Each structure stands twice: as structure tokens, then as C-alpha cells.
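In what follows, a structure is listed as C-alpha cells, so that the remarks can point back to it.
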Amino acid sequence: MQAPGPAQQALAPGAVLLRGFARKTDVLTALAPLLAAAPLRHLVTPGGHTMSVAMSNCGALGWVSDRRGYRYSKDDPLSGRPWPAMPAGWRDLAASAAAEAGFDGFRPDACLINQYLPGSKLSLHQDRDESDFSAPIVSVSLGLPAVFLFGTTQRADRPQRYRLLHGDVVVWGGPARLAYHGVAPLADGEHPLLGRRRINLTFRQAG
Ligand code: MD3
Ligand code: FE
């Protein structure tokens, strides 16, 4: 008999890792139709760099970047139409993870879908385009493992490194909400369900 692992691990005050929380949930069925309606694309930063991570969104609001800046938009700039609706199962997964971590009443209106191929990375940044930092952000890791970098609210502090695996869910709230974070270049590999890629979903209360 295998003993159950610890349900929760506090990475830092306000940051709770729920190891494998999404592993037995069917998150993947909804993914292909969403990405058919709003394809993954490489956004350009205000500084003119093309991001190595490919992104899309679902929900009432979606995160976008271009030469004019970062912001949330109700329409997909590629189609000019609203982003696809957030699947109810995804919203419920995010809300139950937030509740498990002590954040009741989490109602995400935005889900950013990030795709990493081998070599893709995300530089250290803060998420500060949302209107209310008292709401947490919930992230769901799928596919290939990634090394996640988690710093403090000071960019210069050396980040801690955590390996995030398929099905891991992390809730980032309270004092962790404005911490600098990023993802190291993705190592190549093959995941049985997703192949040579990592998908990360981040659920936010943006509006
Ligand atoms: C800590 N995504 O989309 S998820 C992002 O794996 C982003 O794709 C990464 O950073 C990814 O903005 C990391 C984990 C995460 C998300 C938001 C956070 C950690 C966070 C906000 C505050 C602190
Ligand atoms: Fe982020």
C-alpha cells in the first residue's frame, strides 16, 4: 500500500503547491477545440522581442502584449472576436484549488494558455496587469516537466527553483502574488499525453 503524499506544500507564504491536483481531471479534452478557435501565437513585448512561449486565452478577458504594452482584452486581436468561453470544468478546477489553498470565492474571468516547446522560456517578471491583487492566481502544469523560478518582490533576489510536473497546481496569493517568477528553458522530452511540449494554464481574476 502506497501512503498518500502530502496534499499541500507551502513554497513560500501565500504560495501553495497541490502536487498532482489536476492529474485525474480531464483538462485536455477541452484544449484542442479552444486552440482551434483562438490559435496559439507568439506575442511581441513592448520592447520589440518576440516571446518564445506561444499563448492564447479563454474566458471573458485575455492577456495580450504588443508594441503598445501589456493589457487584458475582451477580444482576440487575431480574430477581432471575443475569446472562447472558459470551460466550466476548468473554472471549477481553479476554484477548488484556490479553496484548498485557503482562498474561498475565487472566480476567474481569464485563463492564459501558455505552450512551451523545448528551449522555450519565460524571463523573470511580475503579474501586475490585473485589477485586484487580493485575488490569487492559479496555475495548472500539463505535459513535460518544467523548472519554475520563484523569487521575491525584489527582482535582484536569487529565485528558488521547483520542478513542476503534469497535473501539478499552484495557488499564488497573499504575499506571493507579486513575487517575481519565470520558467527556465524547457528540456526536451516526450510526454505520453502531450508529446514534446508543456502547456500551462493560469487562471486570473483580471477585471
Ligand atoms: C507567481 N506563467 O503566465 S505559472 C504567466 O509556467 C506565468 O507558464 C508561468 O508566469 C508558466 O504569467 C508560471 C506560475 C505562476 C503564475 C503566476 C504567478 C506563478 C506566479 C503570479 C505571481 C506569483
Ligand atoms: Fe507570470
Side-chain angles (χ1 to χ4, degrees), residues 9-19 21-22 27 31 35 40-43 45-46 51-59 61-65 69-73 83 90 93-94 97-98 101 103 106 108-155 157 159-187 191 194 197-206:
Q9 183 188 342
L11 302 184
V16 179
L17 168 58
L18 304 169
R19 200 56 104 178
F21 190 84
V27 186
L31 186 63
L35 296 182
L40 292 163
R41 81 290 306 260
H42 294 272
L43 298 174
T45 66
M51 299 179 75
S52 63
V53 178
M55 298 181 168
S56 185
N57 292 277
C58 64
L61 291 170
W63 186 85
V64 294
S65 175
Y70 306 126
R71 65 195 167 277
Y72 283 91
S73 166
W83 298 101
W90 287 21
L93 170 70
F103 295 92
F106 181 57
D109 56 8
C111 174
L112 174 62
I113 303 170
N114 292 331
Q115 174 176 275
Y116 297 75
L117 299 182
S120 301
K121 66 179 172 62
L122 195 59
S123 306
L124 274 190
H125 67 278
Q126 291 174 300
D127 289 20
R128 47 186 313 156
D129 302 317
E130 300 74 26
S131 59
D132 175 6
F133 300 142
S134 70
I137 289 180
V138 174
S139 76
V140 178
S141 290
L142 301 165
L144 289 177
V147 174
F148 178 72
L149 310 172
F150 181 57
T152 71
T153 54
Q154 308 285 106
R155 186 191 281 277
D157 285 347
Q160 303 184 73
R161 300 164 77 90
Y162 296 98
R163 205 155 173 269
L164 294 181
L165 309 175
H166 179 79
D168 288 351
V169 177
V170 193
V171 180
W172 315 88
R177 177 64 182 75
L178 288 173
Y180 280 90
H181 59 278
V183 178
L186 193 78
H191 186 271
L194 278 164
R197 62 185 171 143
R198 169 175 188 259
I199 298 280
N200 182 267
L201 311 176
T202 59
F203 294 89
R204 300 121 186 276
Q205 264 174 224

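No hydrogens, no waters, no symmetry mates; every other heavy atom, side chains included, goes into these values. Note that the structure is a prediction, hence the values are computed from the model and not measured. Both counts, for ligands and for their atoms, begin at 1 and track the order of listing.
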Mode of Gln126 contact toward ligand 1 - side chain, backbone, both, neither (heavy atoms, under 4.0 Å): neither
Side chain His42, main chain Met51, donor-acceptor under 3.5 Å: yes
Closest protein heavy atom (residue, atom, distance) for atom 21 (C) of ligand 1: His181 CE1, 3.4 Å
Ser139 neighbourhood, listing ligand 1 atoms whose heavy-atom distance to it stays under 4.0 Å: 4 (S), 14 (C)
Of Val27, Leu112, Val138, Asn114, the residue whose pairing with Leu201 passes side-chain contact (heavy atoms from CB on, under 4.5 Å): Val27
Residue Asp127 atom name (nearest to the Fe ion (ligand 2); N/O/S): OD1
Short side-chain donor-acceptor distance under 3.5 Å, Glu130 and Tyr72: yes
Intermediate values then yes/no, salt bridge (Lys or Arg N to Asp or Glu O under 4.0 Å), Arg71 and Asp129: CA-CA 6 Å; Arg71 65 195 167 277; Asp129 302 317; over 6 Å; no
Ligand 1 atoms in contact with Ile137 (distance to a heavy atom under 4.0 Å): 17 (C), 21 (C)
Atom 3 (O) of ligand 1: nearest protein contact (heavy atom, Å): Asn114 ND2, 3.0 Å
contact_flag Met55 ligand 1 heavy-atom lt 4.0 Å: no
contact_flag Phe148 ligand 1 heavy-atom lt 4.0 Å: yes
Identity and separation of the nearest protein heavy atom to atom 5 (C) of ligand 1: Arg204 NH2, 3.3 Å
Leu117 side, atom CG; Arg197 side, atom CZ - distance, nearest 0.5 Å: 8.0 Å
Distance from atom 15 (C) of ligand 1 to nearest protein heavy atom, with residue and atom: Trp172 NE1, 3.3 Å
Approximate separation, where rounding is to 0.5 Å, of Leu40 CG and Asn57 CG: 10.0 Å
Nearest-contact summary for atom 17 (C) of ligand 1 - protein heavy atom, Å: Asp127 OD2, 3.4 Å
Side chains of Pro159 and Phe150 in contact at under 4.5 Å (non-hydrogen atoms): no
Atoms of ligand 1 close to Tyr116 [distance to a heavy atom under 4.0 angstrom, numbered from 1]: 6 (O), 8 (O), 9 (C), 11 (C)
Test item: side-chain donor near acceptor, His125 and Asp127, under 3.5 Å: yes
Expected output: side-chain Ser120 to main-chain Val53 donor-acceptor under 3.5 Å: no
Protein residue, atom and distance nearest to atom 7 (C) of ligand 1, heavy-atom basis: Leu122 CD2, 3.5 Å
Ligand 1 versus Arg198: contacting region, heavy-atom distance under 4.0 Å: side chain
Geometric class of the Trp172/Phe148 ring pair [parallel <30°, tilted 30-60°, perpendicular >60°]: tilted
Face-on cation placement of Arg198 at Tyr116 ring, 6.0 Å and 45° thresholds: yes
Mode of Ala176 contact toward ligand 1 - side chain, backbone, both, neither (heavy atoms, under 4.0 Å): backbone
Rounded to 10 degrees, the angle NE2 of His125 makes with NE2 of His181 at the Fe ion (ligand 2): 90°
Numbering as shown, the atoms of ligand 1 that approach Val183 to under 4.0 Å (heavy-atom distance): 6 (O), 9 (C), 11 (C)
Protein heavy-atom partner closest to atom 22 (C) of ligand 1 - residue, atom, separation in Å: Arg177 O, 3.1 Å
Part of Leu112 within contact of ligand 1 (heavy atoms, under 4.0 Å): side chain
Any donor-acceptor pair under 3.5 Å from Arg41 side chain to Met55 backbone: yes
